[in-house]
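Predicted model only: the values in this text are computed from it and were never measured.
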Amino acid sequence: MASNKILASAAKSASYNMVLQIMFRMMTFVLNAFVLRYISKEMLGVVNVRLTLLYSTILFVSREAFRRACLSQGSRQQWQQVINLLWCTFPLGILCGSIFGYMWVTFLEQPDPNTVPHYSLAVVVFASSAILELLAEPMWVLGQAMLFVKLKVIVEGLAIAGRCFLTVILVLTAPHLGIVGFCIAQLFYTLIYLGLYYTYFMWYVKNFGKKDEDFPIKSPSDFFPGQIQGQAWTSEELTKLTWSFFKQGFLKQLLTEGERYVMTFFDVLSFGDQGIYDVINNLGSLAARFIFQPIEESGYLFFAQTLKRGVPVKDQPKDTIHLASQVYQCLLKCVVLIGVTILVFGYAYSYLLLDLYAGSLLSSGTGPTLLRWYCVYVLLIAINGTTECFVFAAMSQKDVDRYNHKMFVFSLFFLLSSWYLTKTIGSVGFILANCLNMSARILHSIYFTLNYYKDSSLHQPLRGLLPSLPVVISFIASWVITTISEVHLCCDRGVLYRIAHIAVGAFCLLVVAVMILLFERDLLSFIMEQWKTRRGKRNESKRTKDE
């Protein structure tokens, strides 16, 4: 079945994306631990918050809506129309880069030139990097749609590795460059990214373009805009869907990067404090980035290509809706178990982690409190990402438009709560505001899901939100035991006490894992079934090659 093939490819994509995110976050993890000892907190805040926000804002506004629309089921009937639409991202990127770059230089507070010189040059470089990256957008979408699951991991992995290694080399050998060194590394990333995508697809078209009947591009010129005889330059339906996602995406970006916008535009924290918060944020978001985000992306890819958008459950093919509901429930159960594990053990081991990572710079003050609250936020991110990937794939265009208005309310509430809570209780207010925002979005997704399945008593995927009772009890017991262990064994009594504290946590984690194996049989059966399917297809492909 086509749905099973898409599911297998989506699962494979999730695995590869997880590897990519692990590599990226671990490199960032090591890089931050390294550069914290060689650059100022102010430099870290400018690069990791101010300039990275500029870069991500340009990319998100310019391409996110196009990606979501062009990966929806039925949008690739005429690929030239899709390619034409995707090339609109480049002029849109130039417009966004010019507007946002001007704002970053003119209207925002600039760092002390004695501490962080060449700030204006850095703004130009990071904006240009984002704009140039859009030149590979048709290749990226084509690779995702054709299920070239390894390509994204290899391209972005090599580009990230190149940027990290060059940053370390420049910080070590040319510290006088300051922020210019980060600019050089960022441009190096963009050049690798573009070069690899164009090189791969030009090679693939030359060698397999005409042999692969499913591959829509037969000539290198097909990657570029072109007129289609007797047809419109691009699809009207696809354009409307893109516009709907564009309005929604702009608000979603405010929600995703809201705390950085508040930091940037309202000056609630100094550049040094922004740098420390960003390090904590990177540590706390490790699981969210390298586990939950790939699951969300691959889940959306599966649901978008399996479900008929805007069609009620009763009118969907029975096999398709059964498989989609089963996947939805299992994804929810999986991310909830991972998220609760991070919450339970993160509470008792936040101080120890920060102390080992960067010493008293992070473990003193609000660092451990920030990380503990971030563990709560990670659980909410896990649930929200999974529910929304289903909701966005099942929504009709009218539903998407209605949701845009709700997103505006979410955005306004989040920004106001971020500003107020941060002014009132400090940097932890950012995380609390994020938790409130995620909770509101989760409630909306649950409401949509309940309405979507109201005519079907056979499918109840939201059951995946509730672990079995023995697993819940094991989590509660582990939290109590590890919290007591932290009070008596950690972290100022020497190495042996720290090792004992870690051993207590390892034992509790083992007990939790055993309880999951014993009482979450449906989830484990589904995972094993998908693993066997992938293994069978791999063996079949191997036999075909041998023949």
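- Using cut-offs of 30° and 60° on the angle between ring planes, the pair W479 and Y347 is tilted.
- Judged by a 6.0 Å distance limit and a 45° cone about the ring axis, R68 is positioned over the six-membered ring of Y300.
- Under the 4.5 Å side-chain criterion, counting only non-hydrogen atoms from C-beta, P470 is not in contact with L518.
- At most 12 non-hydrogen atoms from other residues, nucleotides or ligands lie less than 6.0 angstrom from CZ of F507.
- Within the 4.5 Å cutoff, no side-chain heavy atoms of V335 are placed close to those of L331.
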- Task: Given ring pair (Phe, Tyr, Trp, His ring centres under 6.0 Å), test Y403 with F448 step by step and report yes or no.
- Result: CA-CA 10 Å; Y403 186 67; F448 178 90; 8.8 Å; no
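- Between I179 and M43, the closest side-chain pair of non-hydrogen atoms falls below 4.5 Å.
- Between the side chains of Y453 and S325, at least one donor-acceptor pair of N or O atoms lies under 3.5 Å.
- Separation of the F413 and F410 ring centroids does not fall under the 6.0 Å cut-off.
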- Run the side chain to side chain contact (heavy atoms under 4.5 Å, CB included) check on R63 and E133 step by step: do they pass? CA-CA 10 Å; R63 75 186 184 187; E133 196 170 317; 3.3 Å; yes
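- Minimum interatomic distance between A348 and H501 (heavy atoms only, all atoms of both residues): O-NE2, 3.1 Å.
- Shortest non-hydrogen contact noted between V61 and F246 is O-CE1, 3.3 Å.
- Put simply, CG on L370 and CZ on R372 are 10.5 Å apart, with the number rounded to the nearest 0.5 Å.
- Each of N48, T57, D278 was compared with R260 under the side chain to side chain donor-acceptor pair (under 3.5 Å) criterion, and only D278 meets it.
- Partner L158 forms a side chain to side chain contact (heavy atoms under 4.5 Å, CB included) with one of V155, I154, I160 and no other, that one being I154.
- Closest heavy-atom contact between A324 and F302: CA-CE2, 4.0 Å.
- Listed for the S474 side chain is a donor-acceptor partner under 3.5 Å among the backbone atoms of V471.
- Atom CG of L489 is separated from atom CZ of R498 by 12.0 Å, given to the nearest 0.5 angstrom.
- In this structure, the side chain of N434 does not engage the main chain of I431 through any donor-acceptor pair within 3.5 Å.
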- Query: Do Y328 and T449 pass the side-chain hydrogen bond (donor to acceptor under 3.5 Å, both in side chains) test, and can you show the C-alpha distance, the side-chain angles, and the key distance before you say yes or no?
  - Reply: CA-CA 11 Å; Y328 189 18; T449 302; 3.2 Å; yes
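- Between the CD atom in Q329 and the SG atom in C334 there is a gap of 12.5 Å [rounded to 0.5 Å].
- The shortest distance between side-chain heavy atoms of I280 and W373 does not fall below 4.5 Å.
- Pairing each heavy atom of G505 with each of T482, the nearest pair is CA-CG2, 4.1 Å.
- Ring geometry for Y193 against Y189 counts as parallel: the plane angle stays under 30°, on a 0 to 90° scale with 60° as the upper cut.
- You'll find the side chain of R402 reaches within 4.5 Å of the side chain of D399, heavy atoms only.
- Taking the six-membered ring wherever Trp is involved, the centroid distance between the rings of F182 and F126 does not fall below 6.0 Å.
- The side-chain heavy atoms of L352 and I502, taken from C-beta on, include a pair separated by under 4.5 Å.
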- Message: I'd like to know whether E486 forms a side chain to side chain contact (heavy atoms under 4.5 Å, CB included) with Y349, so could you lay out the CA-CA distance, the side-chain angles of the two residues, the decisive distance to 0.1 Å, and finally the verdict.
- Response: CA-CA 8 Å; E486 182 183 34; Y349 290 88; over 6 Å; no
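- In terms of heavy-atom proximity, L332 sits nearest to P461 at CD1-O, 3.6 Å.
- Counting non-hydrogen atoms of other residues, nucleotides and ligands closer than 6.0 Å to NE2 of H322 gives a total of 12 or fewer.
- A donor-acceptor contact shorter than 3.5 Å links the side chain of S445 to the backbone of R441.
- Between Y497 and H488, the ring center distance fails the sub-6.0 Å criterion.
- E296 and T386 are not linked by any side-chain donor-acceptor pair at a separation below 3.5 angstrom, with hydrogens and angles left out of the test.
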- Item | Derivation and outcome, side chain to side chain contact (heavy atoms under 4.5 Å, CB included), residues I446 and L450 | CA-CA 6 Å; I446 290 175; L450 290 173; 4.0 Å; yes
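- The minimum heavy-atom distance linking K333 with R463 is given by the pair CE-O, 4.2 Å.
- Without hydrogens or angle criteria, E520 side chain to S468 main chain gives a donor-acceptor distance under 3.5 Å.
- The shortest side-chain heavy-atom distance between T422 and V428 does not fall under the 4.5 Å cut-off.
- Between F430 and L269 the shortest side-chain heavy-atom distance falls below 4.5 Å.
- Taking CG of L343 as the reference point, atom SG of C375 lies at 6.5 Å (rounded to 0.5 Å).
- Separation of the Y261 and F266 ring centroids does not fall under the 6.0 Å cut-off.
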- Message: Show, in sequence, the C-alpha distance, side-chain angles and deciding distance for L523 and L337, and conclude whether the side chain to side chain contact (heavy atoms under 4.5 Å, CB included) test is met.
- Response: CA-CA 11 Å; L523 174 63; L337 290 174; 3.7 Å; yes
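- Distance check, rounded to the nearest 0.5 Å: OH of Y351 to CG of L356 gives 10.0 Å.
- Between the side chains of R163 and Q186, a donor-acceptor pair is found at a separation under 3.5 Å.
- Distance check, rounded to the nearest 0.5 Å: CZ of R521 to CD1 of I516 gives 13.0 Å.
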